[in-house]
Amino acid sequence: MTRTVYVNGEYLPETDAKISIFDRGFLFADAVYEVTSVLGGKLIAFDGHAQRLKRSLNELGIENPITTDDLLEVHRELVRLNDIDEGLIYLQISRGAPGDRDFVFPNPDEVKPTVVLFTQAKPGLAKSVKPMTVISIDDIRWGRRDIKTVQLLYPSMGKMMAQAAGADDAWMIEDGYVTEGTSNNVYIVKDGKIITRGLSNDILHGITRAAVLRYAEEAQMEVEERSFTIEEAQNADEAFYTSASGFVMPVVQIDGVVLGEGEPGRVATRLREIYIDESLKSAV
Ligand code: PDD
């Protein structure tokens with residue numbers, strides 16, 4: 001089926017959608033993005049994603065070209081036009097296409113941001129739990145990982161390094177401590193306590209992370225926000241990651257070391273259930 005996508009105010013068949021070769025997203029990775037999941041035809045955590053998008057744009061001085069109400073409308077219309085029951089909506093906003101290549105930012109009065117959205121159907125998303133195996137790699141990304149930019153070459157290389165090693169994903173390490181997964185926030189569980197790195201410029205402030213930590217505390221689970229090493233993770237009782245596309249996903253092997261029984265852990269399994277149940281209640 002040909003998807004209907006959104007480009008700068010228009011709904012088009014994906015084959016007719018066009019972006020300038022001078023777009024700064026294409027030439028300079030000068031763009032931010034969001035990925036929002038859809039369950040039962042409704043958007044999960046839309047407000048959180050819309051707020052983080054605003055923050056990312058603001059941090060880069062890109063004028064926000066679309067109101068949150070209009071953005072919600074576009075998301076909903078794409079879900080409707082593409083008949084998405086379970087899946088993802090990808091949104092990207094670049095600084096625009098100045099008509100030539102120049103390192104200097106264009107004048108925002110003359111060049112408007114490019115807005116693109118498209119859907120990805122993922123039937124069975126809520127049910128698909130894969131016990132993940134991960135390797136560790138150096139984190140050599142830039143210093144503003146809190147901004148959700150489309151500079152995803154290194155995370156993409158990290159996934160390929162994981163694949164080459166027969167694993168599913170990579171956890172990145174900086175100054176001896178785990179930062180995050182290639183496209184997710186990461187957690188370990190020891191003696192019932194959930195441990196995850198605190199928020200800073202070193203990691204993306206996950207929308208799923210915020211919700212999961214809130215639900216964990218509401219369920220009287222103990223949470224500690226601090227950095228941990230890969231050795232501590234290998235000695236944990238269980239591990240998991242969170243993201244808009246994976247929700248809560250168990251991690252059962254780290255650099256070849258099997259955690260516990262090598263099965264999805266109790267805490268991760270419970271948190272996944274709570275996250276999906278609660279998110280469905282507030283889906284829009
Ligand atoms: N990735 N950390 C990184 C580096 C990420 O790319 C992501 C999300 C997360 C989790 O954030 P959230 O819970 O808001 O999805 C953490 C998305 C899903 C992606 O790039 O496809």
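Worth knowing before you read on, the calculation uses all heavy atoms, side chains too, and leaves out hydrogens, waters and symmetry mates. All ligand and atom numbering here is 1-based and tracks the order in the structure.
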*Of all the heavy-atom pairs spanning H49 and I44, show the shortest one and how long it is.*
CD2-O, 3.8 Å
*Taking the six-membered ring where the residue is Trp, are the ring centres of Y90 and Y33 under 6.0 Å apart?*
yes
*Heteroatom distance test (S245, ligand 1): nitrogen or oxygen, under 3.5 angstrom*: no
_Heavy-atom contact check, 4.0 Å cutoff: does R52 meet ligand 1?_
yes
*For atom 16 (C) of ligand 1, which candidate among I203, V212, N184 provides the closest heavy atom?*
N184
*Going from CD on Q51 to CZ on F46, what distance comes out if it is rounded to the nearest 0.5 angstrom?*
10.0 Å
*Answer yes when E225 and R209 have at least one side-chain N-carboxylate O distance shorter than 4.0 Å, and no when they do not.*
yes
_I'd like the name of whichever of R209, E34, K148, E180 reaches closest to atom 1 (N) of ligand 1 through any heavy atom._
K148
*Charged N-O contact under 4.0 Å between E14 and R3*: yes
*Please state which protein non-hydrogen atom is closest to atom 13 (O) of ligand 1 and give its distance, to 0.1 Å?*
T208 OG1, 2.6 Å
*Please report the shortest heavy-atom distance between T208 and S243, naming the atom on each side.*
OG1-C, 3.2 Å
*V35: numbered ligand 1 atoms lying under 4.0 Å from its heavy atoms*: 19 (C), 21 (O)
*Please could you name the atoms of ligand 1 that N185 approaches to less than 4.0 Å, counting only its heavy atoms?*
10 (C), 16 (C)
*Would you say the side chain of V32 lies within less than 4.5 Å of the side chain of L60, judging by non-hydrogen atoms?*
yes
*What do you reckon, does R141 have a nitrogen or oxygen under 3.5 Å from a nitrogen or oxygen of ligand 1?*
no
_Out of I207, T242, D146, who is nearest to atom 12 (P) of ligand 1 when you count heavy atoms only?_
I207
*Distance filter under 4.0 Å to A244 heavy atoms, resulting ligand 1 atoms*: 12 (P), 13 (O), 15 (O)
*asked:* If we set the cut-off at 4.0 Å for heavy atoms, which region of T182 has an atom near ligand 1: side chain, backbone, both, or neither?
replied: backbone
*Looking at atom 19 (C) of ligand 1, what's its closest protein heavy atom, distance included?*
Y33 OH, 3.6 Å
*Parallel, tilted or perpendicular: ring planes of F247 versus Y275, cut at 30 and 60 degrees*: tilted
_Here's one to test your reading of the geometry: is the NZ or CZ of R95 within 45 degrees of the ring axis of F105 and under 6.0 Å from its centre?_
yes
*May I ask you to say whether R145 pairs ionically with E174, meaning some side-chain N is under 4.0 Å from a carboxylate O?*
yes
*asked:* For ligand 1 and H49, I'd like to know whether there is a polar contact (N/O to N/O, distance under 3.5 Å).
replied: no
*At what distance is the nearest protein heavy atom to atom 6 (O) of ligand 1, and which residue and atom is it?*
S183 CA, 3.4 Å
*asked:* Within the 4.0 Å heavy-atom shell around G206, which atoms of ligand 1 are there?
replied: 11 (O), 12 (P), 13 (O), 14 (O)
